Amino acid sequence: VPIRLNLLKESNRLVKLGEIRSGQQSIRSVVILNNSRISAKFRLTTGEKEVSRLQKLHGLSDAKDDPESVMRMRALMEDPLSAHLAQYGVRCNPTSYRTLRPHQRETIEFIYYPDKPMPKFREDVYIDVVGQAPQKLLSVAGACFGIGAKLDTNSVPFGAIVKGTQISKTIQLENTGEAGIRFSFLASMARPNFTIKPTDGFIPPKESVNIQVSFHPSELNNDIRIDKIPCLIDKQQHENMFVTLTGACVPPRTDSKILQFDGPVRSLQSKTVTIQNPTGNSWDELKVQISNQYWYGKPSLKVPARSSATYELWYKPLTMTAGSDVQGDASRPEQHEGSLFFALPNGDAVLYKLIGTASAATPESKIEVKCKCKRAVLQSLLVNNWLNTHQHFDVKIKRDDESNKAVQVTGPASMDVPGMASREYKLKFNAYKEGTSNVTVTFTNPKTHESVIYELTFVTQSVERKVLPLLETCVRRRKVISEEIFNPLASEATITSFTCKDPAVFVETPIKIPAESSSRFRISYNPLRVSERKDDVTLIVQCAELGEFAYSLSLSATESGTDSTMRFKTDLGSNAIQTYHFRSYATIAQDAEYICETEGSEFTVPKSVTAKLAQPGSDGVDTTVDVCYEPSNMGGVRDTLTIRSKGKAGVYRAALIGKCEKPKRKGPVEVKANGSAVIEFKNVLSEQAEFSFTINNPAFSLGSSTAKIASKATCRISISYNAKNASPGGSDVGNLLIVCKKVKHPW
């Protein structure tokens, strides 16, 4: 019959004992149920690996016949779970063999009572049923966090002070643990010469408290000492949690000298004093007592016999004094006071009164940063915490050109620095124009008003050019791309102008850019002449508020071919005239003068034409040229009209196509009775030719029947009309026929 022992609740597979402090107790219980039909005998145990580890831990792995070892081994094997959990401060009850009847329950209790801190743990608990192999039943987990407290010093030496006076020093008590603690000093040990305030209190986790210790001796004594005044944490004493107070009480001296120190807070200053040894013995270990923590020097001085020695004293104040022109002066002392005391072996003593004034902090350093326009840079500033306790700083950023909206300097409004540590502060700078900006960054502790200051000079250089895609087109065919400019300012910005060495590049201005928004502007490339690819052409777009925006262009202009085709049709001996239109983009007078020419003689044009000046970036000015087609032979002819600028406005070409048909009848020419008329005839052929003239009506007569006419020359043909030979009816009609052997068809 199978035996089944199970947990009553599956949620108890993991027994969480919790995370408690040492000395506290946590109790958890689980219930085991016998789901079998027969009784079961069992106990709780640990795994085989843990048993082996416990044997080695107790030195029992090699035990054989030693009676004591045999007994220890027997005790371990009878209850291995208790031995295993004891190392974590956990007890399990019961662990011995138990018998459960069918459906009977058994409560198992786990008691967690740690006596020392320990990290998180998790251990498996097995159930050992007689007749079956042990099986994992559950796991227990817990942790014990300790109490952590630390004094920044265990010794507070006050040095020698004059009877009737008082001096105070501050020590820091920090809670380094994960839970709040209560502290208390056994202040009664310090009386009557010392006072500790506060004597008790509460410190949250990771916080610290300042403890003021005052020395006010009432009796003369060169060695006043209270050793190891305990600081109890939660009413318990801990290692290194004590403070030893020492000092000396000397009689007042009227001949004490004064050493005055003045300078910025946290800056280092030094002065020297001279000690005379009039005796014949060398003072090898002359003790030096300094009563204020802001002054320090070597603990001893060697003074040769019948000679003197120089002692160097350093002053480094960590807090400002009143009169430093910084907020919070009312809570500061007028001056720092201390004493420098030399107890001489000859029974004499030398006492110096130390007075120090600490003004506002000077800049840590002056930093110069060179950067590019419109590219944000991050500048790291190292902030050191000069105290043993955590400091919170408010950050103030100030510029000498606050009105210049084209400069932006930002950074976190505050930062925290642990005691005696350093942290980096990231300052973001971005300028849209070239120039120099002076920035002061001040880190101020709002409680003490102590500050750390950095002065920075940002030198902003010319903007880096943005590379744009290739602009490639044929001449006089505009290519346009657009670019976006973002305006981060709270006011509107305006693109006012542009500059580019290539006159074919144009940007239409002005362009308004709304506040905290962006606008696009168009870059047009309209070349007038063919050119090979040109890279690294600089375009500068000017914005009054945001400075210059630079772009690198690549330009290429190819031949456009003929701009258009003109078709002419006429008969031999006549001409046809058409007007050619082209758009001139010339913006200066020299470029606006054009030379007109054709390759052949069939088409004629004016030698030159002058266009009106166009506005930059416009669609040009319409300009016209009259083209005359006067054929010299029948058939078709092709030619090219070329219009070339005398300057840099480019070349225009048009294809000319002419078609010449056979001569057509012309007239009529009216000749009065017994009168005459003259007909002008032009030799349109390309060479001199002989022409014959005939009339088919005898009433008309010619002055000459033949004539040799030079090429493109004109001949006057005289025709007379004799009314006597007229036909009845009062009028005659005749046809003048002009024949040339070189031409197939007559006129």
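Everything quoted here is computed from the prediction, not taken from an experiment. Only this structure's heavy atoms are used, side chains among them; waters, hydrogens and symmetry mates stay out. Residue numbers start at 1 and run along the sequence shown.
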Matching residue for Cys500 among Val537, Ile523, Val507 - test: side-chain contact (heavy atoms from CB on, under 4.5 Å): Val537
Are Thr389 and Gln172 close enough that a side-chain donor and a side-chain acceptor fall under 3.5 Å? no
Parallel, tilted or perpendicular: which one describes the rings of Phe342 and Tyr311, with boundaries at 30° and 60°? perpendicular
Just by distance, no angles: are the side chains of Thr444 and Ser451 close enough, under 3.5 Å, to form a donor-acceptor pair? no
Going by atom types alone, do Asn193 and His216 pair a side-chain donor with an acceptor below 3.5 Å? no
Regarding Asp152 and Lys150, does a basic nitrogen lie under 4.0 Å from an acidic carboxylate oxygen? no
Spatial distance of atom CD (Glu545) from atom CG (Leu489) [nearest 0.5 Å]: 7.5 Å
Report yes if the distance between the aromatic ring centroids of Phe158 and Phe194 is under 6.0 Å, otherwise no. yes
Please determine whether a side-chain nitrogen of the Lys or Arg among Arg375 and Glu464 lies less than 4.0 Å from a carboxylate oxygen of the Asp or Glu. yes
Donor-acceptor pair, distance only, cut-off 3.5 Å: does the side chain of Asn487 make one with the backbone of Ser518? no
Closer than 3.5 angstrom, by distance alone: can the side chain of Glu402 be matched with the main-chain N or O of Arg399 as a donor-acceptor pair? yes
Sorted by chain and number, sequence neighbours left out, side chain to side chain donor-acceptor pair (under 3.5 Å) with Thr494 holds for Lys512
Quick check against the 3.5 Å criterion: does Thr199 have a side-chain atom that pairs as donor or acceptor with the backbone of Ala187? no
Run the ring pair (Phe, Tyr, Trp, His ring centres under 6.0 Å) check on Phe261 and Tyr294 step by step: do they pass? CA-CA 11 Å; Phe261 295 80; Tyr294 295 158; over 10 Å; no
Thinking salt bridges, do Asp394 and Lys396 make one under a 4.0 Å N-O criterion? no
Is it the case that more than 12 heavy atoms not belonging to Lys372 sit under 6.0 Å from its NZ atom? yes
Can you tell me if Asp401 uses its side chain to pair, donor with acceptor, with the backbone of Ser437 under 3.5 Å? no
Around atom CD of Glu508, are there more than 12 heavy atoms of other residues, nucleotides or ligands at under 6.0 Å? no
Hey, mind stepping through Asn430 and Gln408 against side chain to side chain donor-acceptor pair (under 3.5 Å) and telling me if it holds? CA-CA 5 Å; Asn430 193 7; Gln408 296 179 341; 4.7 Å; no
Look only at the side chain of Arg520 and the backbone of Ser482, and say whether a donor-acceptor pair between them is shorter than 3.5 Å. yes
Centroid-centroid distance, Phe498 to Phe506, less than 6.0 Å: yes
If you count heavy atoms of other groups shown closer than 6.0 angstrom to NZ of Lys206, is the number above 12? yes
Using 0.5 Å steps for rounding, measure from the NE2 atom of His238 to the CG atom of Leu151. 12.0 Å
Considering only NZ, NE, NH1 and NH2 on the basic side and carboxylate oxygens on the acidic side, decide whether Asp536 and Arg465 come within less than 4.0 Å. yes
Matching residue for Met241 among Leu232, Ile229, Ile233 - test: side-chain contact (heavy atoms from CB on, under 4.5 Å): Ile233
Nearest 0.5 Å please: distance from the OG atom of Ser552 over to the NZ atom of Lys466. 12.0 Å
Salt bridge or not for Lys534 and Asp502, using N-O below 4.0 Å? yes
Counting distance only, does the side-chain N/O of Gln269 pair as donor-acceptor with the main-chain N or O of Asp262 below 3.5 Å? yes
For Val243, run the side-chain contact (heavy atoms from CB on, under 4.5 Å) check against Asn154, Ile226, Val156 and tell me which one passes. Val156
What is the distance from atom OG1 of Thr321 to atom NE2 of His336, rounded to the nearest 0.5 Å? 6.0 Å
Count the heavy atoms belonging to other residues, nucleotides or ligands that lie under 6.0 Å from NZ of Lys169, then report whether that count exceeds 12. yes
What verdict does the salt bridge (charged side-chain N to carboxylate O under 4.0 Å, His left out) test give for Glu19 and Lys120, after you've listed the backbone C-alpha separation in whole Å, the side-chain angles of each residue and the deciding distance to 0.1 Å? CA-CA 8 Å; Glu19 298 179 2; Lys120 293 182 179 180; 3.3 Å; yes
Under the ring pair (Phe, Tyr, Trp, His ring centres under 6.0 Å) test, residues paired with Phe443 that sit two or more places apart: Tyr425
N/O donor-acceptor pair under 3.5 Å between Thr448 side chain and Glu450 backbone: yes
For Glu337, does its backbone N or O pair with a side-chain atom of Asn292 as donor and acceptor, under 3.5 Å? yes
